[in-house]
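Throughout, residue positions are numbered sequentially from 1 according to the sequence presented. Note that the structure is predicted; figures quoted are calculated from it, not measured.
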Amino acid sequence: MRKQILVAGLALVCFTAFAFNASAQEKKESVGQTISKTAKKVGNKTAEVAVKGTAKVADQTYKGKMAPDGSDVYINGKNKKYYINKKGAKIYLKESQIKTRPEKKN
C-alpha cells in the first residue's frame, strides 16, 4: 500500500513538473517591443499618406490603370509610372506590370 502511494505521488510530481515546464516555453512580448511595433506601423502609415498626398498634388494619376497591388498608378514629370507601397516608398513600374482597372458595375 505504501509503495502505491509513493508511485502515485511520484507520478503527480512528474506531471506537475511537465505542466510548469510547458508553460515556461511561452515567449511574451515586453512593453518596449509592443511600443516599437506600434510606432513602426504608425510611421509607415504616416509616410504612405504623406507621399500619396504629395503625388496627388504634384503628379498625374494614370486613369483606368492600377498597380499590381490594386492601388493607383501615378505619372511623374519624366513620364515614369509608379505606385506607393504600404511603407510610403515609390515603386517604379514597367509597362508590363500595369494592369487595367476593372469597371464598377451598377
Results of side-chain hydrogen bond (donor to acceptor under 3.5 Å, both in side chains) for [X] - residues two or more places apart only:
X     : result
Asn76 : none
Lys65 : Thr100
Asp69 : Ser71

Legend entry - By salt bridge (Lys or Arg N to Asp or Glu O under 4.0 Å) - contacts of Glu95 (at least two apart):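 Only Lys81 meet the salt bridge (Lys or Arg N to Asp or Glu O under 4.0 Å) criterion with Glu95.
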
Legend entry - salt bridge (Lys or Arg N to Asp or Glu O under 4.0 Å) partners for Lys87, two or more places apart: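 Result, salt bridge (Lys or Arg N to Asp or Glu O under 4.0 Å) vs Lys87: none returned.
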
Legend entry - Polar side-chain atom of Ser36 near backbone of Gly32 as donor-acceptor pair, under 3.5 Å: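 Absent.
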
Not counting sequence neighbours, which residues clear side-chain contact (heavy atoms from CB on, under 4.5 Å) with [X]? List them please.
X     : result
Lys94 : Ser96, Gln97
Lys86 : Glu48
Gln33 : Glu29, Ser30

Supply the members, apart from [X], of the Ile/Leu/Val/Met/Phe/Trp/Tyr cluster built from side-chain contacts under 4.5 Å; use none for a lone residue.
X     : value
Tyr74 : Val51, Tyr82, Ile84, Tyr92
Val73 : Tyr62, Ile75, Tyr83, Ile91, Leu93, Ile98
Met66 : none

Legend entry - Asp72/Lys52 ion pair, N-O < 4.0 Å: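 Salt bridge absent between Asp72 and Lys52.
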
